[in-house]
Amino acid sequence: MTSIGTGYDLSNSVFSPDGRNFQVEYAMKAVENGGTSIGLKCKDGIVLAVEKIINSKLLVPGKNKRIQTIDRHIGVVYSGLLPDGRHFVNRGRDEAQSFKSIYKTPISVPHLMDRLGIYVQNYTCYNSVRPFGVVSIVGGIDDNGPHLYMIEPSGTCWGYSGAATGKGRQTAKSELEKLNYEELTVREAVKAAAKIIHQAHEDNKDKDYELEISWISLDETKGRHEFIPDDLLEEAKKYAEEEDDEDEDDEEMES
């Protein structure tokens, strides 16, 4: 009995005979069409970066941020459908605010991820709703140090040292695997993130992109989630382009 074309993809509350939820798989396809997002967990903090595709020359640079803050110590970056991402962020802010009003202390990152994972998973259980069309990478610092998580449309939530999603995720993942996260500092990770996003953009090179990077560190930001300074962003962009030029020269010499 085949699952394709037999109506099992019309509802996200029904499994196909081979145990698949097609609506969740379609949501992942929406994510794969979005710009590349990455997160890195360093020894002293978290770095988030995103490749924001410029679809129109009329867009104002620096607006329409793709990296957002859930709580002072927690940031999020996402790939996929932007309205879904904004709703996810708003839900995260509500959860953080609710926790703080009840327990009088900021929410820990793992606890927030448990709550958001359940919330996202609920959207795969009912026929009247559809799954989230985003994969979100959430990073933050609490009393137990830095944490990095990624939540998928199915509600699956895993902890990572380095995470990537979006169109260039395969290229980004292969580069993330080369890093030594136990020795990596956030300043070094900023340059590494810019380089990885630049390389991942090769999958979408017909369009320009804007680079966004944020960080959370006790030393650099006093534990707050903030965008990196403009001078450091420019330095990271130059580093990424220079490294790319060197790689091209090496390939030419080998050929």
Side-chain angles (χ1 to χ4, degrees), residues 35-54 59-79 85 89 109 136-142 145-150 160-166 168-169 171-173 175-202 204-205 208-248:
T36 307
S37 302
I38 64 171
L40 297 88
K41 185 176 81 168
C42 316
K43 67 177 183 180
D44 59 341
I46 298 290
V47 170
L48 302 174
V50 63
E51 163 206 28
K52 190 169 71 177
I53 302 297
I54 300 175
L59 290 172
V60 179
K63 302 293 184 181
N64 315 307
K65 297 292 188 183
R66 291 283 297 279
I67 298 177
Q68 292 173 276
T69 299
I70 289 180
D71 203 350
R72 286 183 175 184
H73 62 296
I74 302 174
V76 59
V77 60
Y78 49 81
S79 294
V89 172
V109 183
S136 302
I137 300 173
V138 182
I141 291 181
D142 56 29
H147 303 270
L148 185 72
Y149 287 84
M150 186 161 70
Y160 287 88
S161 293
T165 185
R169 69 194 182 287
T171 302
K173 281 180 182 177
E175 292 299 319
L176 286 169
E177 288 171 357
K178 299 175 183 177
L179 300 176
N180 181 3
Y181 296 97
E182 293 181 358
E183 300 295 330
L184 194 67
T185 65
V186 286
R187 282 196 169 268
E188 294 168 344
V190 164
K191 292 184 177 181
K195 177 187 172 186
I196 290 170
I197 291 292
H198 190 73
Q199 290 176 326
H201 183 67
E202 292 296 314
N204 210 4
K205 62 167 65 175
D208 291 331
Y209 77 99
E210 188 177 334
L211 178 65
E212 284 184 20
I213 304 179
S214 69
W215 58 0
I216 315 162
S217 169
L218 293 176
D219 295 332
E220 302 289 348
T221 68
K222 298 180 180 178
R224 292 171 178 258
H225 175 245
E226 298 176 353
F227 283 93
I228 65 172
D230 291 338
D231 58 340
L232 183 58
L233 180 62
E234 291 302 318
E235 185 181 334
K237 286 179 181 177
K238 289 179 181 177
Y239 173 80
E241 291 168 1
E242 288 172 2
E243 287 289 310
D244 191 47
D245 292 339
E246 288 179 9
D247 292 341
E248 288 179 1

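Small disclaimer: the values here were computed from a predicted structure and weren't measured. Basis for what follows: all heavy atoms, side chains included, without hydrogens, waters or symmetry-related copies.
In the displayed structure, Lys65 atom NZ is contacted under 6.0 Å by more than 12 heavy atoms of other residues, nucleotides or ligands. In the displayed structure, Asn180 atom CG is contacted under 6.0 Å by more than 12 heavy atoms of other residues, nucleotides or ligands.
Residues Tyr78 and Val89 are in side-chain contact: their nearest non-hydrogen atoms beyond the backbone lie under 4.5 Å apart. Within the 4.5 Å cutoff, the side chain of Leu48 has no heavy atoms near those of the Val50 side chain. Looking at heavy atoms from C-beta onward, Leu176 lies out of side-chain contact with Tyr160 at the 4.5 angstrom threshold. Counting heavy atoms from C-beta outward, Ile213 and Val47 have side chains that approach closer than 4.5 Å. Annotation: side chain of His198 is not in contact with side chain of Lys237 (no heavy-atom distance under 4.5 Å). In this structure the side chain of Val76 never reaches within 4.5 angstrom of the side chain of His225, judged on heavy atoms.
To the nearest 0.5 Å, atom NZ of residue Lys173 and atom CD1 of residue Ile196 are 13.0 Å apart. Cys42 contributes atom SG, which lies 9.5 Å from atom CG of Leu148 (distance to the nearest 0.5 angstrom). The distance from the CZ atom of Arg169 to the CD1 atom of Ile38 is 14.5 Å, given to the nearest 0.5 Å. Annotation: the span from Glu210 atom CD to Lys63 atom NZ amounts to 11.0 Å, rounded to 0.5 Å. To the nearest 0.5 angstrom, Ile67 atom CD1 is 13.0 Å from Trp215 atom CH2. Note that CD of Glu234 and CG of Leu211 are 9.5 Å apart. Values are rounded to the nearest 0.5 Å.
Among all heavy-atom pairs drawn from Val77 and Ser37, the shortest one is CG2-OG, 3.6 Å. Nearest heavy-atom pair, Leu40 versus Ala189, reported as atom, atom and distance to 0.1 Å: CD2-CB, 4.3 Å. Nearest heavy-atom pair across Val190 and Ala236 is CG1-CB, 3.9 Å. The heavy-atom pair separating Ser217 from Ile141 by the smallest distance is CA-CD1, 3.7 Å.
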Dump the intermediate steps for side chain to side chain donor-acceptor pair (under 3.5 Å) on Ser79 and Thr165, then the final yes or no. CA-CA 7 Å; Ser79 294; Thr165 185; 4.8 Å; no
_Working for salt bridge (charged side-chain N to carboxylate O under 4.0 Å, His left out), residues Glu51 and Arg66_ = CA-CA 9 Å; Glu51 163 206 28; Arg66 291 283 297 279; over 6 Å; no
Handout entry: Worked verdict on Thr36 versus Tyr209 for side-chain contact (heavy atoms from CB on, under 4.5 Å)
Key = CA-CA 10 Å; Thr36 307; Tyr209 77 99; over 6 Å; no
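A salt bridge links Lys178 with Glu175: at least one charged nitrogen is closer than 4.0 Å to a carboxylate oxygen.
Ring pair Tyr149/His147 is parallel by interplanar angle, where below 30° counts as parallel and above 60° as perpendicular.
Each of Leu232, Thr185, Val186, Ile228 was evaluated against Glu220; a single residue qualifies, Val186, per the side chain to side chain contact (heavy atoms under 4.5 Å, CB included) test.
Side-chain atoms of Asp208 never come within 3.5 Å of backbone atoms of Ile54 as a donor-acceptor pair (strictly under, hydrogens ignored).
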